[in-house]
Structure formats: structure tokens, C-alpha cells
Amino acid sequence: MLWLCLDFPRLSLEAAAPADPSPEIPLAIVSGERPRRLHALNGAAQAVGLQPGLAINSAYAVAPRLRVIERKPEAEQAALSALASWAGQFSPTVVCEPPAALLLEVAGCLRLFGGSVRLLARAQAAAQELGYSVQAAIAPSPAAALLLAMHLPERIIEERSELLSQLRKLPLAALALDDRTRQKFRAVGCRRIADVLDLPRDGLLRRHGKDCLNYLDRLCGLRPDPRQPHVAPPHYRRQLELPTEIANQQTLLFGFQRLLGEFCGYLRGRDCGVLRLQAEFRHAQDCSELQIGLVAPSRDPKHLLNLLRERMEASRLAAPVRALGLAAHEFGELQAPQTDLLNGGSAHPGSRQQLLERLSARLGSAAVHGLTCRPDHRPELAYSYAEPGAGSPGILMRHQARPLWLLDPVRSIARADLQLLTKAERLESGWWDETDIGRDYHQAISRSGQRLWVFRKHGTSPQWFVHGLFA
């Protein structure tokens, strides 16, 4: 087996402040009982000399403008779980390693990505594109991959013999041991992992217990180390807390960019695309949402972000936003894109599908639709709305004596302004649904030369109406 570890050393900060509107102001995550101490820092806080572990009162003395956010373990856990679903695009076996790491079993996936070097680089770059700081390493055991990612990042070790030589160089503090056990090793002169591994096994078992010996064996790949894999949920929902209330749409789109990047990794892991997406906004008093429908399944983050941008520009936020959300319940199988034979097999840059989706995002899904025919002799009931592309234009063309453009409502016109071209076509009845009609229709020419479809009611009614226009 071969394990890739992705360690996120600043997850507590990046989960709490994904769209920091003021990155130039020092920001810190604080945790612990009083006195509370700094847990994680943004770049501005590090630049003024603050360090993790510093008491908050001392931090204010160094940086009076320091903004602090209480650490939220539940937000970190939600971010790690979302990252585990996102990482399914690289391996079918992903393990959450709280508080801030993922383990991926990649031995069977290396050929798909061109080897371990390319896989590590691709996974690390993809995580950084989401806005996360990440350290990665590959090793034959999960415990060793975790240790290397934290202390020897970007190291790739595929053989157990090489693993042992690398582990022996690391300090004792790198081992995942409790303080008491670590202190016992220091008391007998151990300063590096090599010193611990050179101790007699029976002495290790007698002085430090079975758990310590088993951990060292799992670390070195001498003992199986089963892990519980993460299972991606069948429906997607993800929320992102913001560090402060935000009303600027560009800043909100930056937060959605991370959410969509995670979401599209989840889709790639499931080998599907999304058909309907819901963007959610939590305000101080209530919540609002935007629905985005797609003509065909997609998992392109740039495409989805463009649709969301169009939808947000056509809407107005009810109030400043405290949290963003993304939800999806409708998925579909991806279709291969249509390519251009005369253009080297490349995909069409501006497809009909993308045009329909952009129109729906800007105008609303109710404003963009297709038409399909219904078996009814009454013109206004002879069609119904359908999904774009699901209409039946061939059936409509059978009624060549009728126009394709009907007016709603009909428009009155004087008889003197008409030159009738055809005899009357009588349409009547409709008692079964209480919309009974009785009309005589004619094709006519108006004084301006426009070809019209006109009618008057049965009998001697002098009032004429325009119901349709011919092309």
C-alpha cells in the first residue's frame, strides 16, 4: 500500500476566514481557557511579529489593531469533511485524520496520474487553488505519511527500507506520543526517532506498553494499520462562515469560488455532474437563496461560477451576508462535449447549452423555455412550455395556415384597416374545460403591409382582433 497525506496546518484560520475582506489587518484565531492564546495567524499578524501560543493580552500590546476570532472546531471538522469528499477525485479511499489532515490510499491510482510525483504535485496544487495552505508527502504507511507531511513535506518514499532511513533522522518530538511517554524517552537519552527504534523491543513493551510498540510498528510499516474511510454523502450541502458581515458581491464570489472548487471535486469523485444548484445566503435576521438550473450536467467550477455571477448580478441581496452555503440534490451523467471536426476536434467555445444557461441565470429559469404542442384546436391552448430543447417544432409547422407568433392578450383592430386574404376558418367549442370559444379566423394584410391572423366572434359582431403575426 502507498499513502498520500495532505496536511492543512492553517485549517482553523482558513475555515474561519475564507473571504477576509481586510487581509492587511492582523487576524488571529484564539483558543483555550483564560488566558486565551493565539492558535493561528494570517500573514499580516505574522508580519508584525505575533506567534502562535502568545497570550491574547500580550498580542494586543504588539498589535493594537489585531482582530480575533474564536476557534470553531465544528467549522474545522466540516471543512475537513468537505475536503475529504473533494479528495475523492484522486483516490476511492480517503480517510479523515483530525484535526487537519487527509490520508489517501493511492497505490492503485498512480498510473492514472502519471506516477507519484505528478499525483502529489497535482493534489497539492488543487488544494492551494481552493485557498488552503497544504503540506503533502507519500509513504508506505498512513502514520508515516502523516508524520512526513508535517515534518518533511513533499517527500515521496515508496520503499520501506528508505522509509526507515528517513524516519531515523527526525527528532523525537515528531512522534505522535503523549507528553509523559515522550518525557520517559528523553530521560533515557533519546533525542531522535533512531534512538527509540534502537531500543530493545522487550524493554519498550515493558516500560511503555503495547500501544506504544504497536504505534512504532505501524509507523515503520511492520504492522497493518486499518483506517475507516470517508463516505461522500449522496446529497451535497456545505456552509461557510464569514469573518464579518459582507455585502460586496465580488468578495462573496471569492467565498463561492472555494465552495464550488470543493463541490466539483466531490462531483469528479462521484463521476457525475450537477443539474440544479442552490446558492444560500444567511443574513442577520433571515436567509435567502438563488436557484441555478443547468441544461446539461456540469462539473466545471469556472462555468458554475460564471452562472452564479450572472444570477447574483441580476438579483439584489436582501442584507449583508454572514454565511454562504451551497446545496445540490439533482445530478446526472456527464455527456461528452460536441466537437468541431473542421477545427481539430476542439469543443465549440460558445455552445447553445452555455447560452441557455447564461440566459436562465440572468433572466430567471421561468423566462427561458421551449415550446411543445398539445392536441387542442384552440390556438392559445395548442402549446405548452417545456424545458429548453424539449419542444416539438415539427408538429407546429404542420399548421402552415397559422402563425408561430401569437399575441397575449389579443389586440383589437378596425375592419377598415384589414384586407382579408382567406375564407373564414371556424373554431368553436371547449365546454369540457369551461373555456368555450366561437371564432372565425382569417389571414389578412394590414395597411402597413403586415400579414396578420385575425378573428371575430360568431354572429354579426363588428369587433375584430389580431391573434397572431406571420413572419
Side-chain angles (χ1 to χ4, degrees), residues 3-31 37-54 59 63 66-87 89-90 94-104 117 119-139 145-156 174 176 238 240-243 251 254-265 301 324:
W3 293 84
L4 164 64
C5 178
L6 298 175
D7 178 54
F8 303 93
R10 302 178 69 189
L11 182 65
S12 59
L13 175 66
E14 292 159 346
D20 189 355
S22 305
E24 71 281 358
I25 297 178
L27 174 66
I29 303 297
V30 298
S31 63
R37 298 184 179 275
L38 306 187
H39 177 75
L41 308 168
N42 70 349
Q46 292 176 334
V48 298
L50 298 180
Q51 296 291 333
L54 187 65
L66 177 67
R67 289 193 300 117
V68 298
I69 299 176
E70 196 70 33
R71 187 181 181 187
K72 299 177 181 177
E74 65 280 2
E76 297 175 34
Q77 182 58 43
L80 189 63
S81 179
L83 282 169
S85 296
W86 161 86
Q89 62 186 303
F90 301 111
V94 180
V95 177
C96 289
E97 189 68 21
L102 298 176
L103 292 166
L104 290 71
V117 175
L119 173 57
L120 184 144
R122 182 168 174 179
Q124 194 168 13
Q128 290 169 345
E129 287 179 3
L130 297 180
Y132 290 102
S133 303
V134 61
Q135 299 177 169
I138 293 178
L146 180 61
L147 187 147
L148 292 175
M150 297 174 66
H151 300 280
L152 290 175
E154 300 187 21
R155 193 64 55 95
I156 297 175
R238 172 85 164 98
L240 206 59
E241 295 284 340
L242 301 178
T251 305
F254 179 80
F256 273 119
Q257 185 174 4
R258 170 182 288 186
L259 288 176
L260 287 170
E262 293 177 0
F263 175 58
C264 290
L324 301 175

- Given side chains that start at C-beta, do those of Val30 and His39 come closer than 4.5 Å, heavy atoms only? no

- Message: Could you tell me if the side chain of Leu130 sits less than 4.5 Å from the side chain of Leu83, heavy atoms only?
- Response: yes

- Hey, are the side chains of Gln51 and Leu38 touching, using non-hydrogen atoms and a 4.5 Å cut-off? no

- Message: Taking side chain to side chain donor-acceptor pair (under 3.5 Å) as the definition, give me every residue that meets it alongside Arg155, ordered by chain and number, with sequence neighbours left out.
- Response: Gln166

- Can you sort out the partners of Glu262 under side chain to side chain donor-acceptor pair (under 3.5 Å), two or more places apart, ordered by chain and number? Tyr132, Arg238

- Item | Nearest heavy-atom neighbours spanning Ala136 and Gln124 | N-NE2, 4.1 Å

- Set of ring pair (Phe, Tyr, Trp, His ring centres under 6.0 Å) partners for Trp86, sequence neighbours left out: Phe90

- Can you tell me how far CD1 of Ile138 sits from CH2 of Trp3, rounded to the nearest 0.5 angstrom? 12.5 Å

- Which atoms form the tightest heavy-atom contact between Ala123 and Leu4, and what is the distance? CB-CD2, 4.1 Å

Going by atom type alone, with no hydrogens or angles, which donor-acceptor pairs under 3.5 Å involve a side-chain atom of residues 8-16 and a protein atom two or more places apart or on another chain?
residue : atom : partner : partner atom : Å
Arg10   : NH2  : Leu41   : O            : 2.5
Glu14   : OE1  : Ser133  : N            : 3.2
Glu14   : OE2  : Ser133  : N            : 2.9
Glu14   : OE2  : Ser133  : OG           : 2.7

- salt bridge (charged side-chain N to carboxylate O under 4.0 Å, His left out): pairs with one or both residues in residues 72-83, sequence neighbours excluded: Arg71-Glu76

- Message: Give me the atom names and distance for the closest heavy-atom approach of Ala137 to Leu152.
- Response: CB-O, 4.3 Å

- Query: Leu80 and Cys96: which non-hydrogen atoms are nearest, and at how many Å?
  - Reply: O-SG, 4.1 Å

- Note on the structure: Across all chains, not counting sequence neighbours, the side chain to side chain donor-acceptor pair (under 3.5 Å) partners of Glu97 are Arg227

- Atom CG of Asp7 and atom CG of Leu146: how far apart are they, to the nearest 0.5 Å? 6.5 Å

- Message: Looking at every heavy atom in both Ser31 and Glu70, which two are closest together, and how far apart are they?
- Response: CA-OE2, 4.3 Å

- Message: Any side-chain to backbone donor/acceptor pair from Arg67 onto Leu27? Under 3.5 Å, distance only.
- Response: no

- Query: Does the side chain of Leu102 reach to within under 4.5 Å of the side chain of Cys5, using non-hydrogen atoms?
  - Reply: no

- Task: Examine distances only and state if a side-chain atom of Asn42 and a backbone atom of Ile25 form a donor-acceptor pair shorter than 3.5 Å.
- Result: yes

